Structure formats: structure tokens, C-alpha cells
Novice: 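Structure incoming, see below.
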Amino acid sequence: MTRPLPPTPEQRSVTLQFDDNALLPLLYGEHDRHLARIEQRLGVRLGSRGNRLTIAGTAERTEVAEAALRALWRRLEKGQGVTTADVEAALRMAEGEAENDPRLPLQDRPEIRTRKAAIAPRSPAQAGYIEMLARQEMVFGVGPAGTGKTYLAVAQGVALLQAGRVDRIVLSRPAVEAGERLGFLPGDMKEKVDPYLRPLYDALHDMLPAEQVARRIASGEIEIAPLAFMRGRTLAHCYAILDEAQNTTPAQMKMFLTRMGEGSRMVITGDPTQVDLPNGQQSGLSEALRILDGVPGIAVARFDERDVVRHPLVARIVAAYGRADTASAYGRADGSAEAQGRRGKKEQDGTGK
């Protein structure tokens, strides 16, 4: 008996028309590389003639491609450029909207505006994170590397500082090496901790001119505060960021969180899967997320490999490691259950062997 073939997904074709021919080369990319990336990512076919662009594919994928292209066109109409990274961001946002991703706010896409640039979200989780940073006094940003947790936190701090809503930015990070022992570091305190805070400096220089960064650090408007020296302080009217929080101990995390003073905001970022503490030492970030779950006034933004905004290969690497960790955890659980079964049998038969 011949079984009927499964129904093929509904095919759809839609044609977009653009008003400004001068912007089309920027939308399509050099040698149409932006269109090629959309075709590769979504499995649709794109064909251009004049100022018309036809999209053909399944109804769902065609809708995503149309939303992404319209978002990129709006960027060009605002005078902003379109890079490969912008294409990837538009695709992630369009896919989130198509899937009704609960992390994507229903209102207009939020932005962080500094005097140097407007930073728009590049994934649904980033959009939700930006909303939390604007509304909540304490926010945890949790997820893998490359999802923009620290970058957006610094951007929000700079925006609040420039708007006069906080008096200073306090940047803190535990001084824990990633699997290496660097030994003695020469110089004064700032020179000793600078290597650990380099990612925060990089983000600052994206938001502010270099001379402003140096001037604001010298005046104390931007403060580099090693976590080990935070005890006893009260952080009032400031924006405090604790980066790489997975490498704090429970005592350090509690100490940092209780520094919060009047008119302050705190952002705690970290990746619970990349803990560099000694074996057996519990991460303060993991404990804080468990203890503070459901506490009013505290928001948690969770990222995953879908939100990685670096090279697309990074997202696949994060996903592969996640699968390996899950498999390893199942293996340990099975082994533990088997060992308990053997112990139970020995106790029952009285052999003790």
C-alpha cells in the first residue's frame, strides 16, 4: 500500500517596492551579499528588478524575510548604515516576532541613546533586557558570552550619566583568572586590576570619546572599584555594574548587593557555565539567582545561544557545549543512581561487598 506524501509547506511570494534607488545598493550589500545571507539563513529565494524585490518561499519564512528587509530599510531611511551584523540582528528580531518570543516587548523596539550613538537591540532577549535596564533598579543579565550583557549595561550607565540621572558609574569585577595563574602584576592598584576590567573599558570607549573616558575616570565620575575593596561602602546616586559575577563567592555577592544606596541602580552580569572559581567553590551568582527568585524590584534577563551577536559560529559553539554539558550531567546522574542501587543491594543481602 502506498502511503500519501506529507503535505508540502504553503508557498508564498511577495514583492517589496522601495522608493529610493540610491539606497538599494546599501540594502543589498556588495555583490548582493546581504541578500545572499538572507537566502542562506531562511531558505527563501530573492529576486530584484529595478526597485522591486521579490521574496519566494514558505509563508512563514517569507514573512520573516519581509520583516527583516523592512527593518533594514528603515535603518537606511534614518541615515544609518547596514552591515552584515545588522542583517543578522534584523533576522533574529524578525524570527522572534514570528515566533511570538515572550522576551520581545510588544511596544516599539527600545533603544539606549547616548550622545555618541543610539544602541538598538540585536535579539529579542536584548530588547527585553534594555526594557529592564530602563525600568528596574536591580537587573541580572545571565547567559553565554557574546550576548551583549555587559555592553548594554555600560551603554545604559553612560546614558544615565549623560542625562544627569546618576552622579557616577561604578565598574566592578572579581579578579579571577580564567584557568591561568598570572602571578604578580606590577604597578599601582589601577594598573593591577585594569587587565580584568578591559572589556568594560572597551565598552566605555564605544560610548564616549577617549579623552572623556580619561577625564571622567580622573574626576571620579567613572570609578573602577575592585570587588575585594567594596566592603563597608554605600553606593548612593550611582550606576554600579558587577561583571563576570559567576566568579564571585556567595559572601562577595551578598556584600556587593547590599552596597546599594539611595538613587542607585545595579546591574549584575555573568555566565553560570563559565565559573573559574576553585573546584568545589559555589558561585555567588547561581546562589543569588536561587535566593532572590521572585523578589519584587529585581529583574532577571536570561540569554541563550540564539542571542549571541558575535560571529554566527560562536552561537553554534555555545550550543554544542550546552549539549555536551547536558549529556555529561545525565551521565553523572545515571552513574550515581547505579551506584546507589549497588549499595542498596549490598545492604539487603548483608554481604557488604
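Just so it is clear, the model here is predicted, and its values are computed rather than measured.
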Novice: Can you establish whether the number of heavy atoms outside E77 located under 6.0 Å from its atom CD is more than 12?
Specialist: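 Counting neighbours around CD of E77, more than 12 heavy atoms of other residues, nucleotides or ligands fall under 6.0 Å, so yes.
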Novice: Are L292 and L257 packed together at the side-chain level, in the sense that at least one heavy-atom pair is separated by less than 4.5 angstrom?
Specialist: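 Yes, side chains in contact.
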Novice: Working note: R41 + R92, criterion side chain to side chain contact (heavy atoms under 4.5 Å, CB included); need CA distance, chi angles, decisive distance, verdict.
Specialist: CA-CA 10 Å; R41 172 80 172 266; R92 277 191 297 270; 3.8 Å; yes
Novice: Does I169 belong to the same Ile/Leu/Val/Met/Phe/Trp/Tyr cluster as I112, with side-chain heavy atoms less than 4.5 Å apart forming each link?
Specialist: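 In one cluster: yes.
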Novice: If I compare all heavy atoms of Q136 with all of A299, which pair ends up nearest, and what's the gap?
Specialist: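 Of all heavy-atom pairs spanning Q136 and A299, the closest is CG-CB, 3.6 Å.
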Novice: Give the minimum heavy-atom separation between A68 and A94, together with the two atoms involved.
Specialist: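 Nearest pair, atom of A68 first, then A94: N-CB, 3.9 Å.
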Novice: Assess whether side chain to side chain contact (heavy atoms under 4.5 Å, CB included) is satisfied between V308 and I317, documenting all intermediate values.
Specialist: CA-CA 10 Å; V308 173; I317 291 171; over 6 Å; no
Novice: Do L27 and L23 sit in the same hydrophobic cluster, where Ile, Leu, Val, Met, Phe, Trp and Tyr count as joined when their side-chain heavy atoms come under 4.5 Å apart?
Specialist: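 Yes: a chain of side-chain contacts under 4.5 Å links L27 to L23.
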Novice: Measure across R233 and A225 and return the closest heavy-atom pair with its distance rounded to 0.1 Å.
Specialist: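 Closest approach of R233 to A225, heavy atoms only: NH1-CB, 3.9 Å.
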Novice: Keeping T62 on the side-chain end and A59 on the backbone end, is there a donor-acceptor pair under 3.5 Å?
Specialist: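 No, because the side chain of T62 does not come within donor-acceptor range (under 3.5 Å) of the backbone of A59.
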Novice: With a 4.5 Å heavy-atom cut-off, do L171 and L204 have their side chains touching?
Specialist: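 SC-SC contact between L171 and L204 confirmed.
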Novice: Give me the atom names and distance for the closest heavy-atom approach of G57 to V44.
Specialist: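 Result for this residue pair: CA-CG1, 4.4 Å.
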Novice: Assigning hydrophobic clusters by single linkage (Ile, Leu, Val, Met, Phe, Trp, Tyr; side-chain heavy-atom cutoff under 4.5 Å), is L152 placed with M138?
Specialist: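 L152 and M138: separate clusters.
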Novice: Would D307 and T147 count as having a side-chain donor-acceptor pair, cut-off 3.5 Å?
Specialist: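 No, no side-chain donor-acceptor pair sits under 3.5 Å.
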Novice: Hey, which of T273, L277, N279 is the one that makes side chain to side chain contact (heavy atoms under 4.5 Å, CB included) with V275?
Specialist: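 Single side chain to side chain contact (heavy atoms under 4.5 Å, CB included) partner of V275 among T273, L277, N279: L277.
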Novice: Without swapping roles, check the side chain of S172 against the backbone of L242 for a donor-acceptor pair under 3.5 Å.
Specialist: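 Side chain of S172 to backbone of L242, a donor-acceptor pair under 3.5 Å: no, none is there.
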Novice: Is there a donor-acceptor contact under 3.5 Å from the side chain of E262 to the main chain of A236?
Specialist: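 Not a single qualifying donor-acceptor pair exists.
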Novice: If you count heavy atoms of other groups shown closer than 6.0 angstrom to CZ of R113, is the number above 12?
Specialist: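 12 or below, so no.
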Novice: CD1/I38 to CD/E88 distance, rounded to the nearest 0.5 angstrom?
Specialist: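 Output value for this atom pair is 9.5 Å.
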Novice: Taking the side chain as every heavy atom from C-beta outward, state whether I119 and D206 have any pair of such atoms under 4.5 Å apart.
Specialist: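 Sidechains of D206 and I119: no contact.
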Novice: Say you draw a straight line from CG of L133 to CZ of R135; how long is it, rounded to the nearest 0.5 Å?
Specialist: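 Interatomic distance, L133 CG to R135 CZ, rounded to 0.5 Å: 12.0 Å.
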Novice: Is it true that R61 and E95 have a side-chain N and a carboxylate O under 4.0 angstrom from each other?
Specialist: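 Yes.
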Novice: Taking it one step at a time, do L208 and V213 satisfy side chain to side chain contact (heavy atoms under 4.5 Å, CB included)?
Specialist: CA-CA 6 Å; L208 294 167; V213 173; 3.8 Å; yes
Novice: For the CD atom of Q17 and the OG1 atom of T54, what is their distance to the nearest 0.5 Å?
Specialist: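 Going from the CD atom of Q17 to the OG1 atom of T54 covers 10.5 Å.
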Novice: Any link between V170 and M207 through a network of hydrophobic side chains (Ile, Leu, Val, Met, Phe, Trp, Tyr) touching at under 4.5 Å?
Specialist: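 No, separate clusters.
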Novice: Side-chain contact test, heavy atoms from C-beta onward, threshold under 4.5 Å: evaluate it for R306 versus S123 and give yes or no.
Specialist: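 The answer is no; the side chains never approach within 4.5 Å.
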Novice: Below 4.0 angstrom, N of the basic side chain to O of the carboxylate: do E211 and R215 qualify?
Specialist: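 A salt bridge is absent here (no side-chain N lies under 4.0 Å from a carboxylate O).
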Novice: Would M253 and I268 satisfy side chain to side chain contact (heavy atoms under 4.5 Å, CB included), going step by step from the backbone distance to the final call?
Specialist: CA-CA 10 Å; M253 176 61 76; I268 300 93; 3.9 Å; yes
Novice: Please evaluate residues R12 and E63 with respect to the criterion salt bridge (Lys or Arg N to Asp or Glu O under 4.0 Å), reporting the C-alpha separation (whole Å), side-chain torsions for both, the decisive distance (0.1 Å), and the verdict.
Specialist: CA-CA 9 Å; R12 180 188 174 202; E63 182 180 344; 5.1 Å; no
Novice: Is it the case that atom CZ in R33 sees more than 12 heavy atoms from other parts of the structure closer than 6.0 Å?
Specialist: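 Yes, the 6.0 Å shell around CZ holds more than 12 heavy atoms from other groups.
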Novice: Distance from I217 atom CD1 to Q212 atom CD, nearest 0.5 Å?
Specialist: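 One gets 11.5 Å once the value is rounded to the nearest 0.5 Å.
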Novice: Spell out, as yes or no, whether a donor-acceptor pair under 3.5 Å connects the side chain of R259 to the backbone of M255.
Specialist: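 Flag set: sc R259 to bb M255 pair under 3.5 Å.
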Novice: Please check: side-chain N/O of Q246 versus main-chain N/O of Q274, any donor-acceptor pairing under 3.5 Å?
Specialist: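 It does hold such a pair.
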Novice: What's the shortest heavy-atom distance between L72 and D86, and which atoms?
Specialist: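 Scanning both residues, the minimum pair turns out to be CD2-O, 3.6 Å.
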Novice: Out of the candidates D243, L285, V154, only one should pair with T269 under the side chain to side chain contact (heavy atoms under 4.5 Å, CB included) rule; please name it.
Specialist: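 Single pass found, and it is D243.
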Novice: With rounding to the nearest 0.5 angstrom, report the CD1 to CG distance, I55 to L35.
Specialist: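 With rounding to 0.5 Å, CD1 (I55) is 9.5 Å from CG (L35).
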Novice: Quick one: pull up CD in Q281 and OG1 in T248 and give me the separation to the nearest 0.5 Å.
Specialist: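 Interatomic distance, Q281 CD to T248 OG1, rounded to 0.5 Å: 9.5 Å.
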Novice: Please determine if K254 and E287 form a salt bridge, counting it only when a charged side-chain N lies under 4.0 Å from a carboxylate O.
Specialist: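 Salt bridge absent between K254 and E287.
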Novice: Identify whether I241 and I130 are in the same connected component of the hydrophobic contact network (ILVMFWY, side-chain heavy atoms under 4.5 Å).
Specialist: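 Linked within one cluster.
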Novice: When the ring planes of W73 and F18 are compared, do they come out parallel, tilted or perpendicular, using 30° and 60° as the limits?
Specialist: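 Taking F18 first and then W73, their aromatic rings sit tilted (interplane angle of 30° to 60°).
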Novice: Please report the closest heavy-atom contact between S48 and Y28, naming both atoms and the distance.
Specialist: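 Answer, listing the atom of S48 first, then Y28: CB-OH, 3.7 Å.
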Novice: Within the structure provided, determine whether V267 and Y239 are in side-chain contact (heavy-atom separation under 4.5 Å).
Specialist: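 SC-SC contact between V267 and Y239 confirmed.
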